[in-house]
J.: 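A single structure is presented below for examination.
Chain naming here is simple, since letters A, B, ... match the order of the sequence lines and numbering starts at 1 in each.
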Amino acid sequence: MERAGGEARANGCSVAAHGALRNGYVRGLPGAAGTQIHHIAHNGGLYKRPFNEAFEETPMLVAVLTYVGYGVLTLFGYLRDFLRQWKIEKCHHATEREEQKDFVPLYQDFENFYTRNLYMRIRDSWNRPICSVPGAKVDMMERVSHDYNWTFMYTGRVIKDVINMGSYNYLGFAQNAGICQEAAAKVLSRYGAGVCSTRQEMGNLDKHEDLEKLVARFLGVESAMAYGMGFATNSMNIPALVGKGCLILSDELNHASLVLGARLSGATIRIFKHNNMQSLEKLLKDAIVHGQPRTRRPWKKILILVEGIYSMEGSIVRLPEVIALKKKYKSYLYLDEAHSIGALGPTGRGVVEYFGLNPGDVDIMMGTFTKSFGGAGGYIGGKKELIDYLRTYSHSAVYATSLSPPVVEQIITSMKCIMGEDGTTFGKECVQQLAENTRYFRRRLKEMGFIIYGNEDSPVVPLMVYMPAKIGAFGREMLKRNIGVVVVGFPATPIVESRARFCVSAAHTKEILDTALKEINEVGDLLQLKYSRHRLVPLLDRPFDETTYEETED
Amino acid sequence: MAGQMKMKIKSTWEYFYWLYWQYQLITCGYLLDPWEKIILHSFTISVLVMMSYTAYTYALHICLILKFFLYLPGNEPESDVYIMK
């Protein structure tokens, strides 16, 4: 039994500094209450660095009040729907035509009820139009609504220099001046903006080949392929890799693109609890032992879908354990590094480098250029046979337009900058600045008393807000103080766990972060958002229960 | 909720306004249209009025129950010994 601060436990779940853990399973330790005994992982020390992840439990009073708030809004929603139906009130939302009133109703489900009665009331926090480059500060167009958010009008004023805490600009490459912009401008004058074809026909530029070789070198894989859209990379390539008779094991909180790709493929999908390795192992064991449902034949392929950083929780996947499980049960791993590429790791190579693992262990490394590289599009990296297969069989390669040349040049320049091949240390400094900013920001927010989810090293910082009225109020109050934040509610999160999500960037200087923190502190006091109880709760020995899985056949 | 109020409170009226705002945030009155707010406030006020009326009418009963359960000092407990035959 070794005592080392913050080291991983047997299942990779570590004790956080405060608060009760939500999905941790602890082998029985009678003496754990009140003392912080940490163990090196039983499975051979898979983690070379401490894995500090914490999800503090929702305080009971806050949960009750959240439900009260939603109850009030639901009752008023029913009242408004009644008034709209009986024409006492003007109906602004989409309804069926008069002739179709006797048909099957189109807008009676919960999603539509939620949209017209709850979302509409706080809609001014989303879709805010910006009119400058989304760097550390951004300009926003001011808009007002005279009929309670059903329609908006521009006042004509531009709110200048709003601190941007919402853009996925992790390394600060979203700039309108500098080496990336000059290179992109040169390429624009040579190649133009449009490609006018797909990759397989006439849209395969030499720039694309250069980009792919560079991405392969950056990731440390044999070969890579780039696509025009990050969402389409996932949803169009998973169907090319798996089909009927295959099994997909997908994390509970995977992104919509992964879910869509999995469903389009026609494979059987089973879901394991978020970042829970016991759940994953149980599913793998069941899959190997029992095989396909009716015929009991072995599965053709088992594919594990995980993400590097989960953008709503700010948690990092337990990659060492996933790879160990993958090797043990002979399955394949699809790692979506949309948020973690460029943002994690000492040189920005992503979550694989962060844990010090071999990139060859991950079968399919997918990522996007949107977040850390300031471009657009996605890539898939892996073995040469895999990428050659995808060049022929991927829907995205055959039908979708390829990347635009200036965007490709932006990505190439930023990637070379991160790797240090442009001769400066600017890229390395950006990566280090991001890591420092992340730690500083998270530490200060936790000290103030907010509930912050996720891993210590993740640049995505979700701050729990819970109550529906506070979502709208937080967005508006922060904009009044010249800070732009993204607030998230249902359906992107569970209905009671709404949050404000901050994205730390390397472009933020310490002064900007301090200003933002001061304002967040003030708004937190104003809205009473400081729910954290800073209490060490003795960990319960929660036995692992049945995992939920959803089987979709055919 | 462990939030301490560190903001500058200019006066008691500010404090009461802030309390009113907290009530609005918790019950989502903040999001409602003005005529809906009237309905919500009248509902809340009627509930509070009824609660206070109940407390006023049954004050004696409530005190007795509390005494029974909390054994308020200075009161001898009633002898409630049942005589069994």
J.: Salt bridge between Glu111(A) and Arg116(A), side-chain N to carboxylate O under 4.0 Å?
T.: no
J.: Sort Leu79(A) into side chain, backbone, both or neither according to what part of it lies under 4.5 angstrom from a heavy atom of chain B.
T.: side chain
J.: Within 45 degrees of the axis of the six-membered ring of Tyr154(A) and under 6.0 Å from its centre: does Arg143(A) put its NZ or CZ there?
T.: no
J.: Counting heavy-atom pairs under 4.5 Å with chain B, which one of Gly524(A), Gly69(A), Ala469(A) comes out on top?
T.: Ala469(A)
J.: Which atoms of Leu83(A) come close to chain B, meaning under 4.5 Å heavy atom to heavy atom: side chain ones, backbone ones, both, or neither?
T.: side chain
J.: According to the interplanar angle, ranging from 0 to 90°, do the rings of Phe490(A) and Phe110(A) count as parallel (below 30°), tilted (30 to 60°) or perpendicular (above 60°)?
T.: perpendicular
J.: Can you list everything that forms a salt bridge (Lys or Arg N to Asp or Glu O under 4.0 Å) with Arg80(A)? Sequence neighbours excluded, please.
T.: Glu89(A), Asp33(B), Glu36(B)
